[in-house]
Undergrad: 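Pasting in a structure now, in structure tokens, and then I'll have a few things to ask.
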Amino acid sequence: MKRLDFSRKKIIYVNITILFLIFIVIMKFEYNYLGNKSYDSQIFWMKVFGGIGWLTLIWSLLTWKSLRGELICLYTFYLVAFYFFTFGQSLLIVFNLVSDSRNLLNRVTTNQLIEAQIFSLLCLVAFHVGALMVCKKPPLEPPKIIKNSSNKIIDQIRKQEIMLEAIKWIGILLLIFSLPGFIYDSVNTFKTAITEGYRALYGYDDIYTIRPSLISRIFSYTSSYFLPALICLFIAYKEKISVRTWVLLLMMIHIFNSFLIGGRGKATTLILTIILLFHYCIKPIKGKKIILYGFLFYLIFSFFPIVADMRNLSNRTFMDYISVFTESFGKQNLFFEALSEIGWTMYPLVGVMMLVPDRYPFFAGKSYFFALTSIFPNLNFWDIHPAQKYAAGGPWLMEALNMSYGPGFTLIADAYRNFGWYGFLVLIGIGAFFGGLYSSVDTVTIHRRPDLICVMLIFFYSTLMSVRGDNLYIVRPLFYIVIPIYLLIHLINIYLKKRI
């Protein structure tokens, strides 16, 4: 009966969410054919669609909470990040809280922004439709294993211990493999960003961009396994506070370094990953702790505008950041400044809608196909890798708009680039992909499948910034990091079982 209740509830939620899609389409036609095109009228429509954004976001969180029984989880973190980056300014415009200096209307027209709002809403709601369709029922077992003399329980505990040992092995091996590259890459990045400014990392200040040396490219690749190694070690040593503290300290150093050089994406992703590590592996975050974690994230998030404003200054120090932060606090709401800034990520969609199909034909799925070719390294087969040429959205948009800096990209912009207004349907599939993976773990998983929670957290860390990127932000980490680590854990697990 309980299974039937869950299924019925899921069907109801999916159908109501589909009705949201239909409602947004109706509102689009009403705006296009019945709406007054005066400036005041368009500002009104922008607030209407911003309000619909709040409604769909709250609905998505509540329906997931109703089905899964959890509000803090991988899926909701990803979903909120998706909304903040691709619809952040539209959420603020309802309350007239968009920063004047970061307002998209300084760069685009009201009509262009409204069209982008509508398509973004269709994609965000379609993403949740896909996630709801494949959402898995949470387990009925209690979060703690009941200890008794049952052979079945003893066998389960033994399997868990062996799997944690396998995860520890992989964590140590990956740490040894990645540490030299991580140190080399971090030192070089730090020196360049501090002495020349953040833009210098991407060659925006140079007429000619120097191709990285072979050793730099090798170290850059190996360093990508450093944080996954720490995630493995945190889980493997979850019961040993001393080791866990050292792992956490290394993570905090990485966050500090990321903020200092001016990068916020990796730092934010790691902060969220740490929160989820404690939630899934140590103790579930509930009640007053949610408020505490929320306040801490509010403070960290409020630091973002300071990092953005100062990262292109050379010879800056950490105390410069602190000084500007304390001076700014109270004079302006830094949280809304931060949300206004990351909400600028809607601009790539506006840019794509200006270019396609008037100047460029629809890609018709080409970027999705060539993204899959990124699993094959370029061993001098091509001058430019097909994935870089056809799937990388940011460089394509930068060249098409003749910009001197990277505008970024989003999964939503890529959907429009491929199929126009019908592209929102692609997000149903992407939502199903993420919803299926993220609903496979919960606070009980660590007791039954520590390998699964380990891999899902690595996947989350590696792909969260896909909300402000293209499909390569999903395909590359999946095939180069997540799947290899998963296979290695199981190979070591099989080896350890045979030794017993």
Side-chain angles (χ1 to χ4, degrees), residues 2-25 27 47-88 90-92 94-95 117 120-140 143 272 275-276 279-280 284-295 297-298 301 339 343 412 424 427-428 430-444 456 460 464 467:
K2 288 183 179 180
R3 183 179 296 276
L4 185 61
D5 289 341
F6 174 84
S7 300
R8 284 181 176 176
K9 191 190 298 184
K10 185 164 78 168
I11 291 171
I12 292 171
Y13 290 162
V14 168
N15 287 330
I16 293 176
T17 310
I18 290 173
L19 288 177
F20 270 112
L21 287 175
I22 297 171
F23 173 68
I24 294 167
V25 171
M27 294 296 287
K47 291 186 177 183
V48 168
F49 287 115
I52 295 173
W54 277 110
L55 183 63
T56 56
L57 173 58
I58 294 170
W59 167 258
S60 299
L61 294 175
L62 291 179
T63 50
W64 195 263
K65 172 71 165 60
S66 176
L67 288 176
R68 294 282 304 165
E70 54 185 5
L71 191 58
I72 294 181
C73 61
L74 290 162
Y75 178 75
T76 56
F77 275 27
Y78 187 91
L79 184 69
V80 170
F82 207 177
Y83 266 86
F84 276 16
F85 275 100
T86 61
F87 208 74
S90 296
L91 296 175
L92 291 178
V94 178
F95 309 104
Q117 279 184 311
S120 296
L121 281 173
L122 288 172
C123 289
L124 290 166
V125 176
F127 180 88
H128 190 57
V129 169
L132 287 177
M133 285 180 173
V134 299
C135 178
K136 298 181 179 69
K137 184 179 180 181
L140 299 177
L272 295 176
I275 293 172
L276 290 170
H279 175 67
Y280 285 121
I285 300 171
K286 298 178 181 179
K288 294 180 180 179
K289 283 190 176 181
I290 295 178
I291 299 175
L292 175 62
Y293 276 96
F295 178 71
F297 188 76
Y298 173 85
F301 196 67
L339 189 52
I412 293 175
F424 78 91
L427 271 294
I428 296 177
I430 296 176
F433 175 72
F434 279 95
L437 288 177
Y438 288 160
S439 64
S440 64
V441 298
D442 45 58
T443 54
V444 180
M456 285 299 104
F460 175 82
L464 179 62
V467 298

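Model, not experiment: these values are computed from the prediction.
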Undergrad: Quick check for you: to the nearest 0.5 Å, what is the distance between Leu132 atom CG and Thr63 atom OG1?
TA: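 That separation rounds to 5.0 Å.
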
Undergrad: For a quick test of reading the model, state the closest non-hydrogen atom pair linking Leu21 to Ala126 and the distance between them.
TA: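 Taking Leu21 first and Ala126 second, the nearest heavy atoms are CD2-N, 3.8 Å.
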
Undergrad: Rounded at 0.5 Å granularity, tell me how far CD1 in Ile285 sits from CG in Leu71.
TA: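 Result: 11.0 Å between the selected atoms.
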
Undergrad: Among residues at least two apart in sequence or on other chains, which ones pass side-chain contact (heavy atoms from CB on, under 4.5 Å) with Ile22?
TA: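 Only Ile18, Leu19, Ile26 meet the side-chain contact (heavy atoms from CB on, under 4.5 Å) criterion with Ile22.
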
Undergrad: With sequence neighbours left out, write down each residue that passes side-chain contact (heavy atoms from CB on, under 4.5 Å) with Thr86, or none if nothing qualifies.
TA: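 side-chain contact (heavy atoms from CB on, under 4.5 Å) check on Thr86 returns Phe82, Leu124, Thr410, Ile412.
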
Undergrad: Using only atom types and a distance under 3.5 Å, with no angle test, would you say the side chain of Lys10 pairs donor to acceptor with the backbone of Cys135?
TA: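 Side chain of Lys10 to backbone of Cys135, a donor-acceptor pair under 3.5 Å: yes, one is there.
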
Undergrad: For Ala81 versus Leu464, what's the shortest heavy-atom pair and its separation?
TA: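 Of all heavy-atom pairs spanning Ala81 and Leu464, the closest is CB-CD1, 4.0 Å.
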
Undergrad: For the CD atom of Glu70 and the OG1 atom of Thr443, what is their distance to the nearest 0.5 Å?
TA: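 Separation between the atoms: 7.0 Å.
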
Undergrad: For Phe23, enumerate each residue passing the side-chain contact (heavy atoms from CB on, under 4.5 Å) test, keeping only those at least two apart in sequence or located in another chain.
TA: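 Expected list: Met27, Ile52.
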
Undergrad: Nearest 0.5 Å please: distance from the CD atom of Gln117 over to the CG atom of Leu91.
TA: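 The CG atom of Leu91 is 9.5 Å from CD of Gln117, to the nearest 0.5 Å.
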
Undergrad: How would you list, by chain and number, every residue that makes a side-chain hydrogen bond (donor to acceptor under 3.5 Å, both in side chains) with Tyr83, sequence neighbours excluded?
TA: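 By the side-chain hydrogen bond (donor to acceptor under 3.5 Å, both in side chains) rule, Tyr83 matches Thr56.
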
Undergrad: Would you please name every residue forming a ring pair (Phe, Tyr, Trp, His ring centres under 6.0 Å) with Phe20, sequence neighbours left out?
TA: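 Partners of Phe20 by the ring pair (Phe, Tyr, Trp, His ring centres under 6.0 Å) criterion, ordered by chain and then number, come out as Trp59.
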
Undergrad: Tell me, please, which residues at least two apart from Ile11 pass side-chain contact (heavy atoms from CB on, under 4.5 Å).
TA: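 If we apply the side-chain contact (heavy atoms from CB on, under 4.5 Å) test to Ile11, skipping adjacent residues, the hits are Asn15.
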
Undergrad: Enumerate the residue pairs fulfilling salt bridge (charged side-chain N to carboxylate O under 4.0 Å, His left out) with a member in residues 431-441, sequence neighbours excluded, ordered by first and then second residue.
TA: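 Qualifying pairs, neighbours excluded: none.
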
Undergrad: Sequence neighbours left out, what passes side-chain hydrogen bond (donor to acceptor under 3.5 Å, both in side chains) with Lys289? Give chain and number order.
TA: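 Per chain and number, Lys289 pairs via side-chain hydrogen bond (donor to acceptor under 3.5 Å, both in side chains) with no residue.
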
Undergrad: So Met456 and Phe460, do their side chains get closer than 4.5 Å, heavy atoms only?
TA: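 No, every pair of side-chain atoms sits at 4.5 Å or beyond.
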
Undergrad: Where the side chain of Ser66 meets the backbone of Leu62, is there a donor-acceptor pair that is under 3.5 Å apart?
TA: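 Judged by distance alone, no pair lies under 3.5 Å.
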
Undergrad: In a check of side-chain contact (heavy atoms from CB on, under 4.5 Å) between Leu121 and each of Leu55, Val25, Ile24, which one passes?
TA: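 Going through the options one by one, the only one that passes is Ile24.
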
Undergrad: Hey, are the side chains of His128 and Tyr75 touching, using non-hydrogen atoms and a 4.5 Å cut-off?
TA: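 Yes - at least one pair of side-chain heavy atoms lies under 4.5 Å apart.
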
Undergrad: Looking only at non-hydrogen atoms, find the nearest pair between Ala131 and Trp64 and report the distance.
TA: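 Minimum heavy-atom contact is O-CZ3, 3.7 Å.
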
Undergrad: Heavy-atom distance under 4.5 Å between the side chains of Val80 and Leu61, does that happen here?
TA: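 Yes - at least one pair of side-chain heavy atoms lies under 4.5 Å apart.
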
Undergrad: Quick check: closest heavy atoms across Tyr280 and Leu74, and the distance to 0.1 Å?
TA: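 Closest approach of Tyr280 to Leu74: OH-N, 3.1 Å.
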
Undergrad: Going by side-chain hydrogen bond (donor to acceptor under 3.5 Å, both in side chains), name the residues that satisfy it together with Ser120, two or more places apart in sequence or in a different chain.
TA: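 So Ser120 forms no side-chain hydrogen bond (donor to acceptor under 3.5 Å, both in side chains) with any residue.
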
Undergrad: Under the criterion side chain to side chain contact (heavy atoms under 4.5 Å, CB included), I'd like the reasoning laid out for Phe424 against Val125: C-alpha separation, chi angles, the key distance, then a yes or no.
TA: CA-CA 9 Å; Phe424 78 91; Val125 176; over 6 Å; no

Undergrad: Walk me through it: do Tyr293 and Ile72 pass the test side chain to side chain contact (heavy atoms under 4.5 Å, CB included)?
TA: CA-CA 11 Å; Tyr293 276 96; Ile72 294 181; over 6 Å; no

Undergrad: Which residues pass the side-chain hydrogen bond (donor to acceptor under 3.5 Å, both in side chains) test with Trp54, not counting sequence neighbours?
TA: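 If we apply the side-chain hydrogen bond (donor to acceptor under 3.5 Å, both in side chains) test to Trp54, skipping adjacent residues, there are no hits.
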
Undergrad: Quick one: ring pair (Phe, Tyr, Trp, His ring centres under 6.0 Å) partners of Phe297, sequence neighbours excluded?
TA: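 Testing Phe297 for ring pair (Phe, Tyr, Trp, His ring centres under 6.0 Å), a comparison that skips the adjacent residues, returns Phe301.
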
Undergrad: Side chains of Val467 and Phe84: does their closest heavy-atom pair fall under 4.5 Å?
TA: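 A side-chain contact is absent here, since even the closest heavy-atom pair is not under 4.5 Å.
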
Undergrad: May I have all residue pairs that pass side chain to side chain donor-acceptor pair (under 3.5 Å) and include part of residues 431-442, sequence neighbours excluded?
TA: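 Applying side chain to side chain donor-acceptor pair (under 3.5 Å) to every pair that reaches into residues 431-442, excluding sequence neighbours, yields Asp442-Thr445.
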
